[in-house]
Amino acid sequence: MTAQPRERLYTLDDLHEIEQRPENQDKRYELIDGVLYEVAGTSAKPTVIAIRIARHLGNHVDENDLGYVSGADGRFEIDAHNALIPDVGFVSKRRQPQLPDGPFTIAPDLAVEVVSPSDNIKAVQRKAKRFLMLGTTVVWIVYPDDQTIDVCRLLPDGSMSIQEFGFDDILDGDDGLPGFQLEVSKIF
């Protein structure tokens, strides 16, 4: 993820205008707190891991009619200065009864970020915290090389808690995904 030179804070309208320019037709952008970032492509391992997670989530979500699972093309335009793209996202039907025609306009209940070799870990953690501050209940940061997952939640004081899950642990869906469990080993 590369930040674009900034003279001011960008808005969703700016983002949409920039994306319409011919030189940007093959580019994807995120807007985080008014800062525009070009989203780089990823390598094979992170994208395969993201699809595995999406498949497991999607199967559970579909079987229980819980909502929607998005992939790395699914953008969440949450407010005037934030348009984020998780590698995998889940939105409950309780919060979003109908699938929108355009991007989601609320934060996902669950966001998943799979760390690529080119990612800056601190930047990924800042993005996770931004998701949480915008209303996401839980963020999973997946580390393919370590085969671990950080489960991030917002604490009452506004800080972010991080709980690490290892290869032999089991993730659960908390209140947002009742009954969902996934062995970390099945992700890697």
Side-chain angles (χ1 to χ4, degrees), residues 1 10-20 28-37 39 42 46-47 49-114 124 126-142 149-156 158 160-161 163 165 170-184 186-187:
M1 179 182 323
Y10 290 95
T11 66
L12 281 177
D13 290 338
D14 296 326
L15 172 63
H16 296 154
E17 186 273 322
I18 289 166
E19 289 178 325
Q20 295 303 314
R28 294 180 335 142
Y29 293 96
E30 285 185 304
L31 186 62
I32 303 174
D33 291 333
V35 179
L36 190 63
Y37 295 90
V39 179
T42 188
T47 194
I49 288 171
I51 292 299
R52 280 186 193 141
I53 293 169
R55 185 180 70 238
H56 287 288
L57 281 172
N59 288 343
H60 180 78
V61 165
D62 289 347
E63 289 168 7
N64 295 284
D65 195 30
L66 296 175
Y68 316 100
V69 175
S70 68
D73 288 334
R75 186 158 66 195
F76 291 77
E77 295 185 356
I78 303 165
D79 65 24
H81 295 285
N82 288 284
L84 293 95
I85 306 171
D87 293 317
V88 180
F90 163 70
V91 176
S92 69
K93 279 190 176 178
R94 178 177 40 80
R95 291 182 55 236
Q96 180 91 56
Q98 297 295 319
L99 189 62
D101 288 332
F104 287 99
T105 56
I106 61 173
D109 294 87
L110 166 69
V112 179
E113 291 292 325
V114 182
V124 174
R126 280 193 302 275
K127 183 178 174 185
K129 186 169 184 186
R130 175 51 42 210
F131 268 118
L132 295 169
M133 297 292 289
L134 290 167
T136 299
T137 304
V138 63
V139 178
W140 296 348
I141 302 175
V142 181
I149 297 174
D150 284 348
V151 176
C152 307
R153 292 183 179 84
L154 194 62
L155 296 173
M160 182 172 72
S161 74
Q163 180 182 5
F165 284 72
I170 297 174
L171 295 166
D172 66 53
D174 295 325
D175 294 335
L177 277 167
F180 179 76
Q181 290 194 329
L182 177 58
E183 297 169 32
V184 172
K186 288 186 177 178
I187 295 170

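A quick note: this is a predicted structure, and the numbers were derived from the prediction, not measured.
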*State the NE2-CD1 distance between His56 and Ile51, to the nearest 0.5 angstrom.*
11.5 Å

*Looking only at heavy atoms, which two atoms of Ala83 and Leu12 are closest? And how far apart?*
CB-CD2, 3.6 Å

*To the nearest 0.5 angstrom, please state how far the CD atom of Glu113 sits from the CG atom of Asp150.*
12.5 Å

*Is there a donor-acceptor pair under 3.5 Å between the side chain of Arg95 and the backbone N or O of Ile106?*
no

_Taking salt bridge (Lys or Arg N to Asp or Glu O under 4.0 Å) as the definition, give me every residue that meets it alongside Arg126, ordered by chain and number, with sequence neighbours left out._
none

*Separation of Ile85 CD1 from Phe76 CZ (nearest 0.5 Å)*: 10.0 Å

*Listed by chain and number, what are the side-chain hydrogen bond (donor to acceptor under 3.5 Å, both in side chains) partners of Arg130, not counting sequence neighbours?*
Asp33

*Heavy-atom closest pair, residues Val69 and Ala54*: CG1-O, 4.1 Å

*If we only count heavy atoms from C-beta on, is the His60 to Leu182 side-chain gap below 4.5 Å?*
no

*Got a second to check how far Leu15's CG is from His81's NE2, nearest 0.5 Å?*
12.0 Å

*Just by distance, do the side chain of Thr105 and the backbone of Glu77 share a donor-acceptor pair under 3.5 Å?*
no

*Rounded to the nearest 0.5 Å, what's the gap from CG on Leu57 to CG on Leu110? Could you check?*
6.0 Å

*Over all heavy atoms of both residues, which pair between Pro178 and Leu66 is shortest? Give the atoms and the distance, please.*
CD-CD1, 4.3 Å

*Ignoring hydrogens and geometry, is there a side-chain-to-backbone donor-acceptor pair from Arg75 to Tyr29 under 3.5 Å?*
yes

*Hey, are the side chains of Ile149 and Ile141 touching, using non-hydrogen atoms and a 4.5 Å cut-off?*
no

*With no hydrogens and no angle check, is any side-chain donor or acceptor of Asp87 less than 3.5 Å from a backbone partner on Ala50?*
no

*Heavy-atom closest contact (Cys152 atom, Met160 atom, distance)*: CB-SD, 3.7 Å

*Minimum heavy-atom distance between Thr136 and Pro108, given as atom pair plus value*: OG1-O, 2.8 Å

*Is the shortest heavy-atom distance from the side chain of Leu171 to the side chain of Ile187 under 4.5 Å?*
yes

*How many angstroms lie between atom CG of Asp14 and atom CG of Leu31, to the nearest 0.5 angstrom?*
8.0 Å

*Indicate the atoms forming the closest heavy-atom contact of Ala107 with Leu134, along with that distance.*
CB-O, 3.5 Å

_Partners passing side chain to side chain contact (heavy atoms under 4.5 Å, CB included) against Glu183 (at least two apart in sequence or in another chain)_ = Ile170, Ser185, Lys186

